[in-house]
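To keep things clear, I will list the structure first and then write my remarks on it.
These numbers were taken from a predicted model, which means no experiment stands behind them.
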There are 2 protein chains.
Amino acid sequence: MFGMDEKMINPVYLQIVEELKRKINSGSLKPGDAVASESALSREYGASRMTVRKGLAILAKDGYIYSIPGKGSFVQKPELNKYTIYYDEMKNSINTVDRSRLLEVNIIMPDEKLAGELQITRNKNVIVIRRLFFTEGKPIAYDLKYLPYSKGMPIVEEELEQATFPEMVSGSVSSFSLKKELTIYAQPPDEEIRRHLKIHDDLALLVIEQRIHNEENKPIGFCVTYFRGDYIKLKGRSE
Amino acid sequence: MFGMDEKMINPVYLQIVEELKRKINSGSLKPGDAVASESALSREYGASRMTVRKGLAILAKDGYIYSIPGKGSFVQKPELNKYTIYYDEMKNSINTVDRSRLLEVNIIMPDEKLAGELQITRNKNVIVIRRLFFTEGKPIAYDLKYLPYSKGMPIVEEELEQATFPEMVSGSVSSFSLKKELTIYAQPPDEEIRRHLKIHDDLALLVIEQRIHNEENKPIGFCVTYFRGDYIKLKGRSE
DNA sequence: CAGTGGTCTAGACCACAGC
DNA sequence: CTGTGGTCTAGACCACTGC
């Protein structure tokens, strides 16, 4: 048998994946078209149905096809607008924060807007953390975080200087179950931020809001970071 | 047998997935810990190994675990910084473009920067498309696209007014194989953009660059869109 | 060497589509 | 009714790890 080498280099289910991807990418199978049935593919490749299904499962996971029980598998319409972005307030594609200064750690009562944001009443306590981020001695971002105060929150100032938002929160909860949201927009700096970031000339801010919710969708943190527009670029990629 | 209802509502492999997710989320299994071996899980659940493997495959796809042949399966360290973003130059979470004006469709020779961007020589032709996006009669974005001119590019002005960047490109190639990149940053408007967008007061721009490559990593399109900062918000979410 | 995950088979029963 | 995908089994051989 020379089948062994073949199998280890390219298992049958991957051959199926590749051939079907080829057909889809070349346009010989178009979105909406039915893929050959599992039993047909099974005959065609001389493979068992489970092996065929393993290949189809991969194509489904990668967004190429979807299956309807009782009907068949069909070519998916590709997601043209989907991107993956890795965001870390301390590090982005043109800059890394090399120093951070803690401006304030405090416990406050939230105003109406913040109480709404954190879905709590205005008589609950909220931890505020205000930081400045520096690159080569230059202040490049102003960072504001709000966490509803609860039980034993381990506030260690040492850690706060360097911690990322998800890191702060993930001490208490396992971070697999966290739901995180980003909001990205641009605005001119107001007076307070001009002062903090020592901005004198014309400059735009990139503002990034982070919201973290737990499994039950209760907010457990809200964060706004104001970046000098010339010190941050976010990168996203498809697939 | 009362097992039938159970199976259809919650197949065995999903029970395994849920129980292991629970253990991971509750912290009783921590990142780096070994998951019980396939044969052990097989005994524990009274299921065949293939069924157990189906469950583990789902946990692996969702980023909970990874497997090392010959060693075992281990709990993955969660990706704290990963977000998914859906970007469409015509529609974002606070605004939708309701009209688009074609300013220019042209064929030019690229300058050095553009030639580099598109990885072509400066004597090759490039299609330029300049558009203005409107919301309720207000110009809210200035959009610039560059496509290397090749073979039969179907340039239909009608379509150009409404088409999204991936849509323009995906006519010729199947869009499954396209690699797309986003770059996001903020900057103040220059004179040209102030004129186009009729900006007179203090305002920041959100700039979004799109790069589209084919399977072989050859650039097939470059696009820059300058949004009024008060008319765009991008949203991203984890998972 | 025994234990692990990776691949694969040849069956089985099920629920569901569509004729 | 036949054909489809969804679930599941009880085996098998392989390559790899670590003792």
(request) Establish, with yes or no, whether the OP1 or OP2 oxygen of D:dC8 is under 4.0 angstrom from a side-chain nitrogen or oxygen of B:Y13. (result)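 It does not, given that no N or O in the side chain of B:Y13 lies less than 4.0 Å from OP1 or OP2 of D:dC8.
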(request) Kindly say if A:K54 contacts the phosphate of C:dT7, meaning a side-chain N or O under 4.0 Å from OP1 or OP2. (result)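 A:K54 to C:dT7 OP1/OP2: side-chain N or O found under 4.0 Å.
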(request) For the residue pair B:N95 and B:T135, confirm or rule out a side-chain donor-acceptor distance under 3.5 Å. (result)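 Yes.
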(request) Scan residues 61-76 of chain B against DNA chain C and write down, sorted by residue number, each residue with any heavy atom closer than 4.0 Å; if none is found, say none. (result)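 Correct list: B:S67, B:I68, B:P69, B:G70, B:K71, B:G72, B:S73.
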(request) For DNA chain C, determine which residues of residues 42-51 of chain B have any heavy atom closer than 4.0 angstrom to one of its atoms, and list them numerically. (result)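 Close to the strand are B:R49, B:M50.
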(request) Just grab all the salt bridge (Lys or Arg N to Asp or Glu O under 4.0 Å) pairs involving residues 61-78 of chain A, residues at least two apart or on different chains. (result)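 Of all non-adjacent pairs touching residues 61-78 of chain A, those that pass salt bridge (Lys or Arg N to Asp or Glu O under 4.0 Å) are A:K21-A:D62.
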Taking the cut-offs as 6.0 angstrom to the six-membered ring centre and 45 degrees off its axis, would you call [X] and [Y] a cation-pi pair?
X      : Y      : answer
A:K82  : B:Y86  : no
A:K145 : A:F222 : no
A:K233 : B:Y185 : yes

(request) Mind checking salt bridge (charged side-chain N to carboxylate O under 4.0 Å, His left out) for A:E117 and listing every partner two or more places apart, or none if nothing turns up? (result)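 Per chain and number, A:E117 pairs via salt bridge (charged side-chain N to carboxylate O under 4.0 Å, His left out) with A:R211.
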(message) Which residues pass the salt bridge (charged side-chain N to carboxylate O under 4.0 Å, His left out) test with A:R237, not counting sequence neighbours?
(response)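 Applying salt bridge (charged side-chain N to carboxylate O under 4.0 Å, His left out) to A:R237 gives B:E181.
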(message) The criterion is side-chain hydrogen bond (donor to acceptor under 3.5 Å, both in side chains); which residues satisfy it with A:E38, sequence neighbours excluded?
(response)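 By the side-chain hydrogen bond (donor to acceptor under 3.5 Å, both in side chains) rule, A:E38 matches A:R49, A:R53.
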(message) Could you work out, with side-chain hydrogen bond (donor to acceptor under 3.5 Å, both in side chains) as the rule, every residue matching A:E44, not counting sequence neighbours?
(response)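 A:E44: no side-chain hydrogen bond (donor to acceptor under 3.5 Å, both in side chains) contacts found.
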(message) Please give me every residue in residues 29-40 of chain A whose heavy atoms get under 4.0 Å of an atom in DNA chain D, ordered by residue number.
(response)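 Per residue number, the list reads A:S37, A:E38, A:S39.
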(request) Give the dot-bracket string for DNA chain D, reading 5' to 3', where a pair is Watson-Crick or G-U wobble with both distances under 3.5 Å, ( ) marks pairs inside the strand, [ ] marks pairs crossing earlier ones, | marks a partner on another strand, and . marks unpaired. (result) |.||||||||||||||||.
(message) Rounded to the nearest 0.5 Å, what separates atom CG in B:L178 from atom OG in A:S238?
(response)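 Going from CG on B:L178 over to OG on A:S238, the span is 8.0 Å.
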(message) Distance check needed: D:dG5 P versus A:L59 CG, whole Å only.
(response)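 One finds 13 Å between P of D:dG5 and CG of A:L59, rounded.
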(request) Round to a whole Å and report the spacing from CZ of B:R53 to P of D:dG6. (result)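 Rounded to whole Å, this separation is 19 Å.
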(message) Using the side chain to side chain contact (heavy atoms under 4.5 Å, CB included) criterion, which residues pair with B:K235? Sequence neighbours excluded.
(response)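 Per chain and number, B:K235 pairs via side chain to side chain contact (heavy atoms under 4.5 Å, CB included) with A:T183, B:S93.
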(request) For B:T225, enumerate each residue passing the side chain to side chain contact (heavy atoms under 4.5 Å, CB included) test, keeping only those at least two apart in sequence or located in another chain. (result)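 Result, side chain to side chain contact (heavy atoms under 4.5 Å, CB included) vs B:T225: B:Y87, B:E89, B:F133, B:A141, B:D143, B:C223, B:F227.
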(request) Kindly write out the residues that satisfy ring pair (Phe, Tyr, Trp, His ring centres under 6.0 Å) with A:Y64, not counting sequence neighbours, or none if the list is empty. (result)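 In terms of ring pair (Phe, Tyr, Trp, His ring centres under 6.0 Å), with neighbours along the sequence ignored, A:Y64 is linked to B:F176.
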